[in-house]
Amino acid sequence: MDKKLKAGILGGTGMVGQRFISLLENHPWFEVTTIAASERSAGKTYEEAVGGRWKMDTPMPEAVKNIVVKNVNEIEETAASVDFVFSAVDMSKEEIKKIEELYAKTETPVVSNNSAHRWTPDVPMVVPEINPDHMKVIDFQKKRLGTTKGFVAVKPNCSIQSYAPVLTAWKEFEPYEVVATTYQAISGAGKTFKDWPEMEGNIIPYIGGEEEKSEKEPLRIWGEIKDGVIVPAESPVITCQCIRVPVLNGHTAAVFVKFKKKPTKEQLVAALLDYKGLPQELNLPSAPKQFIQYLEEDNRPQVALDVNYENGMGVSVGRLREDTVYDWKFVGLSHNTVRGAAGGAVLCAELLKAQGYISAK
């Protein structure tokens, strides 16, 4: 690719915005040229706007330090300087829906990390390895918005990344009932231990809205396009509990599954290892080479050892064993701010570029 596409980040000063910026440093296809945030950050350099709130393990990239932050609400001005934007704005759901559509109407594709548009019927919600074909619904969305290039695409919730890909790999065995408990890192709330000291040595058995997302979003990913909208699948039935645990990065899931067909352990493990999707076939820059790994040790996957598997873009599975009530049970692990948030959105943008939906203005 001769010239990199110009990417903007809406909500660039928050934790997910910072993750976007760190992941896009030296990206082969995209270059961060514009950062927009709230009015209080506008007019400052990015370094000044973030101040002492840089939350990544790696230093702030030199290339973004002197970018002057724009006001995210000055839509025409921000959109004029980019080919597309990533959205990580911190607003109410209705405000997010409105601002993302307004950016789309300036003929600027929006790849969103937010949940606001996940149930808008003609907005694709995509895990690129699972449902890349859902991007086709964008053509119907553009008709509704009256655009030729502008649209909104989203990635799903971070909580489902540790088990939805696994169940997808096992589709041939027809899973029909699933119980999942997720143990979710504090960075999922945009926090570090410095911000949230009461989480040290603590567990909170409630994360607002998370259980409903964890039960319903996989069904939308497994759905199909009918009459210009995405119709969710009806099975498997999923029930979830979501628990906040004192871990910085990494969502772990303990999952029980019933199958209509009766697979062996060997068949289930082989299906995981063989599973690949369009990102692997296209060799997209952020795609993990091996999407799902299976770990034989009884004490894996572990956050400390496995959360950064495939640069945080892969899924780790272990403890697959027969169950006395359900057929099989396993433990899954994914990186919630890489695969589950910014990294998943970057991979969506790479897919959209490869499919021709994102190009230079």
Side-chain angles (χ1 to χ4, degrees), residues 7 9-11 14-24 27 29-30 32 56 84-89 96 100 109-118 123-135 152-169 182 184-185 187-188 190 210 213-214 217-218 220-222 249-253 275-280 282 284-292 307-316 332-355 357-358:
I9 298 173
L10 311 181
M15 183 181 263
V16 175
Q18 292 178 23
R19 181 66 77 182
F20 273 119
I21 280 165
S22 62
L23 288 175
L24 290 166
H27 191 281
W29 294 1
F30 308 142
V32 177
M56 300 296 105
F84 75 102
V85 294
F86 292 106
S87 175
V89 289
I96 292 169
E100 289 181 348
V110 178
V111 182
S112 181
N113 182 69
N114 296 306
S115 65
H117 272 297
R118 286 185 196 151
V123 169
M125 179 174 74
V126 172
V127 176
E129 284 87 353
I130 296 177
N131 60 328
D133 54 308
H134 280 197
M135 296 301 192
V152 179
V154 301
K155 50 145 288 297
N157 200 42
C158 52
S159 64
I160 73 169
Q161 313 286 337
S162 52
Y163 59 90
V166 177
L167 297 172
T168 307
T182 57
Q184 299 188 201
S187 57
E210 205 75 357
K213 293 173 189 172
S214 302
E217 287 188 14
R220 190 168 194 259
I221 290 167
W222 295 322
N249 293 310
H251 287 357
T252 300
Y275 188 80
K276 55 175 72 71
L278 196 54
Q280 285 72 36
L282 296 174
L284 297 178
S286 299
K289 297 286 181 278
Q290 177 69 41
F291 183 29
I292 305 172
V307 75
N308 291 313
Y309 168 64
E310 288 280 11
N311 299 313
M313 288 297 287
V315 178
S316 299
L333 170 67
S334 60
H335 196 305
N336 56 295
T337 67
V338 182
R339 167 58 75 165
V346 171
L347 189 60
C348 281
E350 292 168 0
L351 176 64
L352 286 161
K353 185 204 165 293
Q355 291 174 325
Y357 288 103
I358 291 177

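Note: hydrogens, waters and symmetry copies are ignored here, and every other heavy atom, side chains too, is used. Residue numbers count from 1 along this sequence.
- Taking each heavy atom of Y163 and A253 in turn, the nearest pair found is CD2-CB, 4.0 Å.
- Applying the side-chain hydrogen bond (donor to acceptor under 3.5 Å, both in side chains) test to S162 and every residue at least two apart in sequence or in another chain returns nothing.
- Looking at residues two or more places apart in sequence or on another chain, you find no side-chain hydrogen bond (donor to acceptor under 3.5 Å, both in side chains) involving Q18.
- A pairwise comparison of heavy atoms in N131 and V126 identifies OD1-CA, 3.4 Å as the closest pair.
- For V89 against N114, the heavy-atom pair with the smallest separation is O-OD1, 3.2 Å.
- Remark: of the listed residues L352, V154, L351, L352 is the sole one forming a side-chain contact (heavy atoms from CB on, under 4.5 Å) with V111.
- Among residues two or more places apart in sequence or in another chain, the side-chain contact (heavy atoms from CB on, under 4.5 Å) test is passed with A116 by K93, I96, K97.
- The side-chain contact (heavy atoms from CB on, under 4.5 Å) search around A354 returns L282, L284, not counting sequence neighbours.
- Between atom CD1 of residue I221 and atom CG of residue L167 there is a gap of 11.0 Å, rounded to the nearest 0.5 Å.
- Distance CD1/I160 to NZ/K213: 11.0 Å, rounded to 0.5 Å.
- The minimum heavy-atom distance linking P165 with I292 is given by the pair O-CD1, 3.9 Å.
- For P109, the side-chain contact (heavy atoms from CB on, under 4.5 Å) partners are F84, F151, I358, not counting sequence neighbours.
- Applying the salt bridge (charged side-chain N to carboxylate O under 4.0 Å, His left out) rule to E217 yields the partners R118; only residues at least two apart in sequence or on another chain are considered.
- Contact of the R220 side chain with the P156 side chain is not registered, since no non-hydrogen atoms from C-beta on lie closer than 4.5 Å.
- Taken from CG in L278 to CE in M135, the straight-line distance is 10.0 Å, to the nearest 0.5 Å.
- Taking every heavy atom of both residues into account, V110 and E100 meet most closely at CG2-O, 3.6 Å.
- The environment of N311 atom CG is sparse: at most 12 non-hydrogen atoms of other residues, nucleotides or ligands sit within 6.0 angstrom.
- Without hydrogens or angle criteria, Q280 side chain to Q290 main chain gives no donor-acceptor distance under 3.5 Å.
- With sequence neighbours left out, the side-chain hydrogen bond (donor to acceptor under 3.5 Å, both in side chains) criterion links S159 to N157, S214.
- The heavy-atom pair separating F30 from V346 by the smallest distance is CE1-O, 4.2 Å.
- With T182 contributing its side chain and Q184 its backbone, the two residues share no donor-acceptor pair below 3.5 Å.
- For T168, the side-chain hydrogen bond (donor to acceptor under 3.5 Å, both in side chains) test picks out W222, with sequence neighbours left out.
- Identified under the salt bridge (Lys or Arg N to Asp or Glu O under 4.0 Å) test for residues 338-351, with sequence neighbours left out: E129-R339.
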Query - Criterion side chain to side chain contact (heavy atoms under 4.5 Å, CB included) on Y275 and I130, from CA distance to verdict - result: CA-CA 10 Å; Y275 188 80; I130 296 177; 4.0 Å; yes

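- Atom-to-atom distance recorded for C348:SG and F86:CZ is 9.0 Å, nearest 0.5 angstrom.
- Interatomic distance, K289 NZ to F291 CZ, rounded to the nearest 0.5 Å: 14.0 Å.
- From S334, atom OG reaches atom OH of Y309 across 13.0 Å, with rounding to the nearest 0.5 Å.
- Residues passing the side-chain contact (heavy atoms from CB on, under 4.5 Å) test with A185 are S187, V247, H251, N336, sequence neighbours excluded.
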